[in-house]
Peer 1: 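This is the structure I want to talk about, given as structure tokens.
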There are 2 protein chains.
Amino acid sequence: MTKTLSSAVEDYLKTIYNLREESHGTEGRGEGGITTQAVAARLGVAAPSATAMIKKLAGLKLARHTPYRGVELSAKGEKVALEVIRHHRLSEAFLTKVLGVEWDKAHEEAEKWEHVLSEEVEARMAALLGDPTHDPHGSPIPTLDGQVARDSGRPLAEIEAGTRVVVRRVSDEDAPLLRHLQKVGLVPGAEVEVLRAVPAEGVIQLRIGKQRHIVGLAPAAAVIVEKSEVMSDE
Amino acid sequence: MTKTLSSAVEDYLKTIYNLREESHGTEGRGEGGITTQAVAARLGVAAPSATAMIKKLAGLKLARHTPYRGVELSAKGEKVALEVIRHHRLSEAFLTKVLGVEWDKAHEEAEKWEHVLSEEVEARMAALLGDPTHDPHGSPIPTLDGQVARDSGRPLAEIEAGTRVVVRRVSDEDAPLLRHLQKVGLVPGAEVEVLRAVPAEGVIQLRIGKQRHIVGLAPAAAVIVEKSEVMSDE
DNA sequence: CTTGTTAATTAGACTTATCTAAGTTGGGGA
DNA sequence: TCCCCAACTTAGATAAGTCTAATTAACAAG
């Protein structure tokens, strides 16, 4: 019944899930769901490859496909996607916390680990880490039964000047970007004040901790923050 | 230059290397090297699949192939094989020591891990484990520069009655066998006395530690032991 | 309501690794 | 020496996943 799925299938499911999450601020979605080209671009494959795989996923009842309209995961597909994402994020946490791998390298390593973790090893990793709820980049780790903490927050790039915020999570896709963010201190938990936005230059001025930094809008869009008026429980 | 090799290629190289090691007590070797069918059998593939891959390895200069005569690794092929085996045995050690995975399950997990470990993660695992020289089954872990401690020893099945030996290593291929060996205490380091061989019944009587056991010749062939007259340095 | 552009799909080919079925080859036994 | 058989290789097919080139669909702009 639980036939083993190929890594390729797992990668597509994960990608479609992630794109759906991200696109709640619209982009890359038709009404049917996620765009073929968005999937292809994220995975670095040609569009026809994505079409072919999407049709395969539909055949496996892991997704629904409306030709020319987009793709959407079925409940079954979402379940598999969440398992893969759990493996990925647990691996990232394990790689950084236990093995001391750098932040920016953990993602690509986890990209490989996520496909080879048995349920048993996954459970042991989780236990060893104390059942973490978030990975090192601040993304929530789905639970065994598929629950995902849905964090609120907005991209740092959209915050009005004069606001004080705290960093919740950063995108883990881009290693050079990640190194930059780490260097300036834009890591989960950091306290930040938006001093001034300079749209003409495409940059914003920030106070990060006690330091002042100027960062571009692109990196700032990859940083999800939350207002820090109320001293929250963290 | 260092083009990435497929898992399949890595598996064949590892298998040819392992068969060569084991066949120093002859079997499965033609003079040219390792037999096609030995490779096919070990990997669980049909003979033509092995032929095809062996020809591919020869084309990649990873092995020499004399048709109808057998295959032998080149220096380059052996180097790759040793890297894969290092990954495999480090993973076994890591899985049992750090994650607490059972002896008999570690092998199949490592079978997957060996193909996804980056050099960096490998190094960190090795450091965390204190640069172990042997895996949990007693097999030597090749060093980074390709040195392998060549342990002496003979199969327990061939030891004369009345001899006292110490277990050096056991084959890691077969999980049920491994569980059996663990149950009776035939693990690396165990002290054993061969009490009597009963060839007619295909069994031998042993004293393992303070317990007496009767084990079959098949399991006994998978256990490599060394005479323990001289109290060695371990 | 036609048209043009962009996205999506189909068509057809290639790669890797596998299989079964059908030849070959090498070496031992009569 | 000849023959036979097991082992090996060749031939041809299949399955996954990818690609480029060509076609088709959606839809916004005239």
Side-chain angles (χ1 to χ4, degrees), chain A residues 3-16 19 23 26-60 62-72 77 80 84 111-112 114-116, chain B residues 3-16 19 23 26-60 62-72 77 80 84 111-112 114-116:
Chain A
K3 182 131 99 293
T4 304
L5 300 170
S6 70
S7 302
V9 166
E10 292 182 346
D11 277 334
Y12 277 89
L13 291 173
K14 181 187 63 166
T15 298
I16 294 167
L19 286 170
S23 74
T26 58
E27 18 144 348
R29 56 172 302 210
E31 39 265 68
I34 296 301
T35 269
T36 299
Q37 73 169 165
V39 174
R42 177 65 65 92
L43 284 168
V45 299
S49 308
T51 299
M53 182 57 87
I54 287 168
K55 290 178 73 171
K56 176 174 179 173
L57 296 180
L60 293 170
L62 294 166
R64 285 177 294 278
H65 181 213
T66 315
Y68 296 99
R69 279 300 169 60
V71 63
E72 200 171 11
V80 174
V84 176
E111 208 60 41
K112 297 180 296 182
E114 66 191 11
H115 302 299
V116 302
Chain B
K3 183 131 99 293
T4 305
L5 299 169
S6 69
S7 301
V9 166
E10 291 182 346
D11 277 335
Y12 276 90
L13 292 173
K14 182 187 64 166
T15 297
I16 294 167
L19 287 169
S23 74
T26 57
E27 21 147 342
R29 56 171 301 209
E31 38 264 68
I34 297 301
T35 269
T36 299
Q37 73 169 166
V39 174
R42 178 65 64 92
L43 284 169
V45 299
S49 308
T51 298
M53 181 58 87
I54 286 169
K55 289 178 74 171
K56 176 174 180 173
L57 296 180
L60 292 171
L62 293 167
R64 286 177 293 279
H65 181 213
T66 315
Y68 296 100
R69 278 300 167 60
V71 63
E72 200 171 11
V80 175
V84 177
E111 207 62 41
K112 298 180 295 182
E114 67 191 9
H115 303 299
V116 303

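Proteins come first, then strands; the chains are lettered A, B, ... in the order of their sequence lines, and each starts at number 1.
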Peer 1: Can you name the closest pair of heavy atoms from A:Ile34 and A:Ser23 and give their distance?
Peer 2: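 Looking at all heavy atoms of both residues, the shortest contact is CD1-OG, 4.1 Å.
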
Peer 1: Name the closest nucleotide to the B:Arg69 side chain, picking from C:dT16, C:dG26, C:dT18.
Peer 2: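 Of the options given, the side chain of B:Arg69 lies nearest C:dG26.
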
Peer 1: Looking at the side chain of A:Ser49, which of D:dA7, C:dT18, D:dC19 is the nearest nucleotide?
Peer 2: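 When the side chain of A:Ser49 is considered, D:dC19 is the closest of D:dA7, C:dT18, D:dC19.
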
Peer 1: So, is A:His65 close to the C:dT9 phosphate, meaning a side-chain N or O under 4.0 Å from OP1 or OP2?
Peer 2: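 A:His65 to C:dT9 OP1/OP2: side-chain N or O found under 4.0 Å.
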
Peer 1: Using a heavy-atom cut-off of 4.0 Å across all strands, would you classify A:Ala46 as base, sugar-phosphate, or nothing?
Peer 2: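 A:Ala46: base contact, heavy atoms under 4.0 Å.
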
Peer 1: Measuring only between side-chain heavy atoms, which start at C-beta, is A:Leu13 closer than 4.5 Å to A:Val84?
Peer 2: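 The answer is no, as the side chains (C-beta and beyond) never meet within the 4.5 Å cut-off.
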
Peer 1: Of the candidate nucleotides D:dT18, D:dT10, C:dG27, which contains the atom at the shortest distance from the side chain of B:Lys55?
Peer 2: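 The nucleotide sitting nearest to the side chain is D:dT10.
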
Peer 1: Rounded to whole Å, how long is the line connecting atom CG of A:Leu57 with atom P of C:dT9?
Peer 2: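 These atoms are roughly 12 Å apart.
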
Peer 1: Would you indicate which nucleotide in C:dT16, C:dT18, D:dT20 comes nearest to any side-chain atom of B:Val45?
Peer 2: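 It is C:dT18.
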
Peer 1: Please give, in whole Å, the distance from D:dA15 P to A:Lys56 NZ?
Peer 2: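 Checked: the NZ to P distance equals 12 Å.
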
Peer 1: Whole Å only: how far is the CG atom of A:Leu13 from the P atom of D:dG17?
Peer 2: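 After rounding, the reported distance stands at 11 Å.
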
Peer 1: What is the separation between atom CD on A:Gln37 and atom P on C:dT6, rounded to the nearest whole Å?
Peer 2: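 That distance rounds to 11 Å.
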
Peer 1: Taking 4.0 Å as the cut-off, does a side-chain nitrogen or oxygen of A:Thr35 come that near to OP1 or OP2 on C:dA7?
Peer 2: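 The answer is no; no side-chain N or O of A:Thr35 sits under 4.0 Å from OP1 or OP2.
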
Peer 1: State, yes or no, whether a side-chain contact exists between B:Leu57 and B:Ile16 at a heavy-atom distance under 4.5 Å.
Peer 2: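 SC-SC contact between B:Leu57 and B:Ile16 confirmed.
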
Peer 1: Rounded to whole angstrom units, what separation is found between the CE atom of A:Met53 and the C1' atom of C:dT9?
Peer 2: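 Result: 16 Å.
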
Peer 1: B:Ala50 and B:Val39: which non-hydrogen atoms are nearest, and at how many Å?
Peer 2: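 Closest approach of B:Ala50 to B:Val39, heavy atoms only: CB-CG1, 4.4 Å.
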
Peer 1: Rounded to whole Å, how long is the line connecting atom CD1 of A:Ile54 with atom C1' of C:dT10?
Peer 2: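 Taking atom C1' of C:dT10 as the reference, CD1 of A:Ile54 is at 15 Å.
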
Peer 1: Could you state the CG-P distance from B:Asp11 to C:dT18, rounded to the nearest angstrom?
Peer 2: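 One finds 9 Å between P of C:dT18 and CG of B:Asp11, rounded.
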
Peer 1: Looking at side-chain heavy atoms only, is the closest gap between B:Lys112 and B:His115 below 4.5 Å?
Peer 2: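 A side-chain contact is absent here, since even the closest heavy-atom pair is not under 4.5 Å.
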
Peer 1: Quick check for you: among D:dC8, D:dT10, C:dT9, whose closest atom lies nearest to any side-chain atom of B:Pro48?
Peer 2: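 So the side chain of B:Pro48 is nearest to D:dT10.
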
Peer 1: Considering only side-chain heavy atoms of A:Thr51, which listed nucleotide, C:dA17, C:dT9, D:dA7, is closest?
Peer 2: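 Nearest listed nucleotide: C:dT9.
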
Peer 1: Quickly work out the A:Leu60 CG to D:dA15 C1' distance and round it to whole Å.
Peer 2: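 Atom-to-atom, A:Leu60 to D:dA15, this comes out as 14 Å.
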
Peer 1: Closest approach to the side chain of A:Tyr68, judged atom by atom: which nucleotide of D:dA26, D:dT10, C:dT10 is it?
Peer 2: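 The listed nucleotide nearest to A:Tyr68's side chain is D:dA26.
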
Peer 1: Counting only side-chain heavy atoms from C-beta out, which of C:dA8, D:dT9, D:dC19 sits nearest to A:Thr36?
Peer 2: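 Of the candidates, C:dA8 comes closest.
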
Peer 1: Indicate whether OP1 or OP2 belonging to D:dT18 is found under 4.0 Å from a side-chain N or O atom of A:Tyr12.
Peer 2: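 Yes, A:Tyr12 has a side-chain N/O under 4.0 Å of OP1/OP2 on D:dT18.
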
